[in-house]
2 protein chains.
Amino acid sequence: MAYESEYPPFYVTVDIVVLAIRDGRLNALAIRRGPGHDEGKWALPGGFVGIDEDLEPAARRELEEETGFSVHRDALQQVGTYGAPDRDPRYLRVVSVAWLAAVPDASAVVAGTDAAHAEWRPVDDLLAEDLAFDHHRILADARDRARVLVDSPPPGTRPLAAAFLPSDEFSLSRLRSVYEAVLGRELDPGNFQRRVKTTQGLVTPTGRREPAAGGRGRPAELFRIRG
Amino acid sequence: MAYESEYPPFYVTVDIVVLAIRDGRLNALAIRRGPGHDEGKWALPGGFVGIDEDLEPAARRELEEETGFSVHRDALQQVGTYGAPDRDPRYLRVVSVAWLAAVPDASAVVAGTDAAHAEWRPVDDLLAEDLAFDHHRILADARDRARVLVDSPPPGTRPLAAAFLPSDEFSLSRLRSVYEAVLGRELDPGNFQRRVKTTQGLVTPTGRREPAAGGRGRPAELFRIRG
DNA sequence: CCAAAAGTGTTATGCATACACCCATGA
DNA sequence: TCATGGGTGTATGCATAACACTTTTGG
């Protein structure tokens, strides 16, 4: 085509803020940068978009390469796009489309995948540090977005909180702990119970109760997301 | 650099949903496509990002080229990024970062600028048509975003509604008509009045009243955004 | 006086919060 | 029986909505 060379070429990448709840705190997958630019700093996982690949599939592919997880459509959300001319000094121009992914807590998942040196790190801790590239801002934006999504999930979508739960069935206190970790504050157990139960089409009771594991206190009823 | 040729090159563009209130309806700037791909369909204004240009300045530059307007920081918001491999058949890969811009109603502005054949069109009408490229989805996403932003402006930012007003000073019914056009529904005048007045730091009274122009009914008090 | 728009008052309703209190279980 | 967490009931405050009503102008 006639105009092929008239416009500047860019590299396009996806960066993914992979979120999970660990020990009651919101964690993100971070990769310690090796020798070279921003050495030793934490960075977000990501990679280049393929020549025939749409953006969302590219994010999904990277996520699976890093964690092994295939998440639900609604658990992978575009956060924003970052393209300052100097954001990656290694190349002339890299524009990154940032995504957030909510995955269940699974400590072992990272090992054996691409990101052998990836680690779960509390988001608060990461945000208190100097991250590589513009990943500090990306992480902050992703956390803000996650808070909005957890607080008021768009109608018709699978709530983001569901993606953090390791099992289809869960107690409401488990669900509440997810909300608390994402929002960064404690919620009243009773009010949370009522709010979730009275929200149409959010959870359905299974009738069964939690196997008395730790065993102190009344066993909780088990629920399931969306019928 | 060693890796320059390993990754696929993309073109990066910005598309802008320029919004204004005209005759009580939410309008967007649209350009009728000439001979070539998607001929005759309406498209959004936009253009390529420069080699040394950040994304937001690129959107701002395009906006000014098309309309002559320099909008406030908070009146130009990133909506999302669209990069399906086949979204622009003219080139191999074009990734577009979509923005929404709120501008005051000024019918004459378009003439004499780049977009001589740009026209204001009601958003509802455009969404009922088949737009060029993936601009239908972009426009729909931008309108949804505008509604959220008008309804609950992020604290500390200049409310989006202010950007639609042609003057610093305005009556509350003028402001209300902006809300109504964006939200697509009517609001109770009394309740709107109270809500706006009691919201801290939103509007400040000027003490003056509207010059009795059309002249029927009690002249409205004039307000200003953010003291 | 009448119409029309600006602006205020009043009441109902829903929702979130705070918190008291009961339930069911393990030790 | 006690501690612990699950779960319900209830009062209160706040934001919104609905709408009656007053105010101020032009015709």
Side-chain angles (χ1 to χ4, degrees), chain A residues 21 23-24 147-148 150-153 155 159 161 165 167 169-224, chain B residues 23-24 147-148 150-155 159 161 165 167 169-224:
Chain A
I21 314 294
D23 305 322
R147 285 185 173 167
V148 170
V150 159
D151 219 43
S152 54
L165 296 167
S167 159
E169 299 186 357
F170 49 86
S171 69
L172 293 190
S173 38
R174 265 251 179 271
L175 184 63
R176 175 167 50 87
S177 77
V178 168
Y179 276 67
E180 289 176 336
V182 174
L183 297 177
R185 63 190 170 93
E186 299 201 335
L187 300 174
D188 182 282
N191 294 334
F192 182 81
Q193 190 113 193
R194 218 188 338 261
R195 199 183 94 170
V196 168
K197 281 183 185 168
T198 57
T199 300
Q200 280 300 337
L202 184 54
V203 295
T204 51
T206 64
R208 274 174 303 129
R209 297 193 158 271
E210 206 165 36
R216 53 195 176 290
R218 173 177 173 179
E221 195 178 352
L222 290 173
F223 290 82
R224 197 190 297 270
Chain B
D23 304 321
R147 286 186 173 166
V148 170
V150 159
D151 218 44
S152 53
L165 296 167
S167 159
E169 299 187 357
F170 49 86
S171 69
L172 293 191
S173 37
R174 264 249 180 270
L175 185 63
R176 175 167 52 84
S177 76
V178 169
Y179 276 67
E180 289 176 335
V182 174
L183 297 178
R185 63 191 171 91
E186 300 201 336
L187 300 174
D188 182 281
N191 292 334
F192 182 82
Q193 189 114 192
R194 218 187 337 260
R195 201 183 88 164
V196 168
K197 280 183 185 167
T198 58
T199 299
Q200 280 300 337
L202 183 53
V203 294
T204 51
T206 64
R208 274 173 304 127
R209 297 194 159 269
E210 206 164 36
R216 55 197 174 291
R218 173 176 174 178
E221 194 178 353
L222 291 173
F223 291 81
R224 197 189 296 270

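Reminder, nothing fancy here: chain letters follow the sequence lines and each chain counts from 1.
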Salt bridge (charged side-chain N to carboxylate O under 4.0 Å, His left out) pairs touching residues 184-207 of chain B, sequence neighbours excluded, are none

Rounded to whole angstrom units, what separation is found between the [atom1] atom of [X] and the [atom2] atom of [N]?
X: A:R176; N: D:dG7; atom1: CZ; atom2: P; value: 10 Å
X: A:F223; N: D:dG6; atom1: CZ; atom2: P; value: 12 Å
X: A:E180; N: D:dG5; atom1: CD; atom2: C1'; value: 13 Å
X: B:E186; N: D:dA18; atom1: CD; atom2: C1'; value: 15 Å
X: A:Q193; N: D:dG7; atom1: CD; atom2: C1'; value: 5 Å
X: A:Q200; N: C:dC15; atom1: CD; atom2: P; value: 11 Å
X: A:F192; N: C:dC19; atom1: CZ; atom2: C1'; value: 18 Å
X: A:E221; N: D:dT8; atom1: CD; atom2: C1'; value: 13 Å

Quick one, A:I21 and A:V182 - any side-chain contact, counting heavy atoms below 4.5 Å?
yes

Please round to the nearest 0.5 Å and tell me the distance separating atom CD of A:Q193 and atom CG of A:L172.
4.5 Å

Inter-residue atom distance B:L187.CG - B:E180.CD, 0.5 Å rounding:
5.0 Å

Closer than 4.0 Å, any side-chain N/O of A:K197 to the OP1 or OP2 of D:dT8?
yes

Note: B:E210 and B:L222 closest approach over all heavy atoms is N-CG, 3.9 Å

B:A181 to B:G24 - nearest heavy-atom pair and separation:
CB-O, 3.4 Å

Within the 6.0 Å centroid threshold, strictly below: B:F192 and B:Y179
yes

Close N or O pairs between protein and nucleotides 16-18 of chain C (under 3.5 Å):
unit_1 : atom_1 : unit_2 : atom_2 : d
C:dA18 : N7     : A:N191 : ND2    : 2.8
C:dA18 : N6     : A:N191 : OD1    : 3.0
C:dA18 : N6     : A:R194 : NH2    : 3.4

Quick one: label A:S173 by what it contacts on the DNA or RNA (base, sugar-phosphate, nothing), any heavy atom closer than 4.0 Å.
sugar-phosphate

Using a heavy-atom cut-off of 4.0 Å across all strands, would you classify B:R209 as base, sugar-phosphate, or nothing?
sugar-phosphate

Just the table, please: protein N/O against nucleotides 21-23 of chain D N/O, every pair under 3.5 Å.
unit_1 : atom_1 : unit_2 : atom_2 : d
D:dT23 : O2     : B:R218 : NH1    : 3.3

Given D:dG6, C:dG7, C:dA4, identify the nucleotide with an atom nearest to the side chain of B:R216.
C:dA4

Is it true that B:E221 and B:R208 have a side-chain N and a carboxylate O under 4.0 angstrom from each other?
no

Would you check, one step at a time, whether the test side-chain contact (heavy atoms from CB on, under 4.5 Å) holds for A:V203 with A:F170?
CA-CA 10 Å; A:V203 295; A:F170 49 86; 4.2 Å; yes

